[in-house]
Amino acid sequence: NDVGENEMPIYSGPTPTKAATAQYTYTFAGWTPTIVAATEDAIYTATYTATTNSYTITWKNDDGSTIDQTTVAYGSTPTHADATKAADAQYTYTFAGWSPEVVAVTGNATYTATYTSTVNSYTITWKNDDGSVIDETEVAYGATPTHAVPTKAADAQYTYIFAGWSPTIEAVVGDATYTATYTSTINKYTITFNV
């Protein structure tokens with residue numbers, strides 16, 4: 001702009017702008033040097049205030065559901081509490097970390113929780129037909145439990161032979177109790193009379 005001597009220069013154009021970067025958004029802050037009445041040719045340069053940009057970080061569970069969203073400044077490394085996943089009948093889950101690996105913020109990002117899984121074990125109780133406990137074993141989910149053949153002592157009237165477990169043994173899906181069943185045979189005795 002041409003101005004007369006001792007006149008105050010006035011900028012009449014649109015407000016100066018500076019393109020934002022991934023890290024900063026710029027706001028016009030004024031001119032440098034400070035504008036003064038014209039006494040000679042002068043060049044004034046626009047100055048800007050830089051504001052660090054913040055980005056949305058989305059934290060998801062491994063099923064795709066959103067756990068949380070946080071706003072984090074460019075260059076900062078986001079953090080989040082460990083995620084949790086409820087155990088199911090087959091597995092217990094332990095938080096293993098975020099995928100991809102959490103890095104300093106350069107834009108919006110999404111991190112997904114990962115877990116390690118441990119197969120659950122269940123208590124299998126083996127009982128005799130009188131209700132007494134023969135044994136208790138821990139068996140992994142999905143495995144079919146087995147047990148040695150139990151015995152039942154004969155009495156004066158019967159001899160007992162193991163017939164199986166009740167109910168029928170199935171793959172483990174939780175705690176279970178199996179009871180031994182027996183078939184009985186009447187004992188026979190030889191009687192001798194001496195006359």
Side-chain angles (χ1 to χ4, degrees), residues 14-30 32 45-128 131-150 164-181:
T15 302
T17 60
K18 181 176 180 177
T21 64
Q23 185 172 7
Y24 297 112
T25 297
Y26 298 97
T27 306
F28 177 68
T32 189
T45 304
T47 61
Y48 299 89
T49 302
T51 304
T52 302
N53 293 326
S54 290
Y55 292 94
T56 300
I57 306 302
T58 303
W59 307 91
K60 292 190 172 243
N61 219 328
D62 68 342
D63 63 1
S65 62
T66 299
I67 297 170
D68 196 9
Q69 284 190 322
T70 56
T71 302
V72 180
Y74 180 96
S76 297
T77 301
T79 59
H80 198 279
D82 291 352
T84 59
K85 182 175 181 177
D88 56 34
Q90 186 171 10
Y91 295 110
T92 296
Y93 300 96
T94 304
F95 179 71
W98 298 101
S99 178
E101 184 178 338
V102 177
V103 295
V105 172
T106 59
N108 294 332
T110 299
Y111 296 102
T112 302
T114 62
Y115 300 91
T116 56
S117 58
T118 304
V119 175
N120 293 328
S121 290
Y122 292 93
T123 301
I124 306 302
T125 303
W126 306 93
K127 290 187 174 185
N128 222 329
S132 63
V133 174
I134 298 169
D135 194 11
E136 286 187 341
T137 56
E138 291 293 315
V139 180
Y141 180 97
T144 301
T146 60
H147 196 279
V149 173
W165 296 101
S166 178
T168 302
I169 296 174
E170 296 181 347
V172 172
V173 294
D175 293 340
T177 299
Y178 294 102
T179 302
T181 61

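For this chain, numbers begin at 1 and follow the sequence in order.
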For the residue pair P78 and Y55, establish whether any side-chain heavy-atom pair is separated by less than 4.5 Å. no

Please name the pair of heavy atoms, one in A46 and one in F28, separated by the smallest distance, quoted to 0.1 Å. CB-CE1, 3.8 Å

Heavy atoms from other residues, nucleotides or ligands near NZ of K127 exceed 12 (cutoff 6.0 Å): no

Side-chain touch T106/Y74, heavy atoms, less than 4.5 angstrom: yes

Run H80 and I67 through side-chain contact (heavy atoms from CB on, under 4.5 Å) and show every step you take. CA-CA 10 Å; H80 198 279; I67 297 170; 4.0 Å; yes

Taking G30's backbone N and O only, do any of them form a donor-acceptor pair with T47's side chain (distance below 3.5 Å, no angle check)? yes

Go through the steps for V102 and T79 under the test side-chain contact (heavy atoms from CB on, under 4.5 Å), then give the verdict. CA-CA 8 Å; V102 177; T79 59; over 6 Å; no

Could you tell me whether the side chain of N53 and the main chain of A22 form a donor-acceptor pair under 3.5 Å? yes

Using the rule side chain to side chain donor-acceptor pair (under 3.5 Å), only one of T92, T94, N61 pairs with Y115; which is it? N61

Between D135 and W126, is there a donor-acceptor pair closer than 3.5 Å when you use the side chain of the first and the backbone of the second? no

Euclidean distance, I57 CD1 relative to T70 OG1, rounded to 0.5 Å: 6.0 Å

If you take all heavy atoms of G142 and A171, which pair is closest and at what distance? O-CB, 3.6 Å

Minimum heavy-atom distance Q90-D88, with the two atoms named: N-OD1, 3.0 Å

To check you understand the geometry: which heavy-atom pair defines the closest contact between A140 and S121, and what is its length? CA-OG, 3.8 Å

Shortest non-hydrogen separation from P150 to I134 and the atoms involved: CB-CD1, 3.8 Å

Contacts of type salt bridge (Lys or Arg N to Asp or Glu O under 4.0 Å), residue D175, not counting sequence neighbours: none

Take T21 and Y26 through the side-chain contact (heavy atoms from CB on, under 4.5 Å) test and state the conclusion after the steps. CA-CA 9 Å; T21 64; Y26 298 97; 4.2 Å; yes

Would you say CD of E138 has more than 12 non-hydrogen atoms from neighbouring residues, nucleotides or ligands within 6.0 angstrom? yes

With P145, the side chain to side chain contact (heavy atoms under 4.5 Å, CB included) member among Y122, W165, Y178: Y178

Give me the atom names and distance for the closest heavy-atom approach of N120 to A89. ND2-O, 3.1 Å

Nearest 0.5 Å, what's the OG-NZ distance between S117 and K85? 8.0 Å

Keeping the roles fixed (side chain from T181, backbone from G164), state whether a donor-acceptor pair exists under 3.5 Å. yes

For V173 and Y141, run side-chain contact (heavy atoms from CB on, under 4.5 Å): C-alpha distance rounded to whole Å, both residues' side-chain angles, the deciding distance at 0.1 Å, then the answer. CA-CA 6 Å; V173 294; Y141 180 97; 4.0 Å; yes

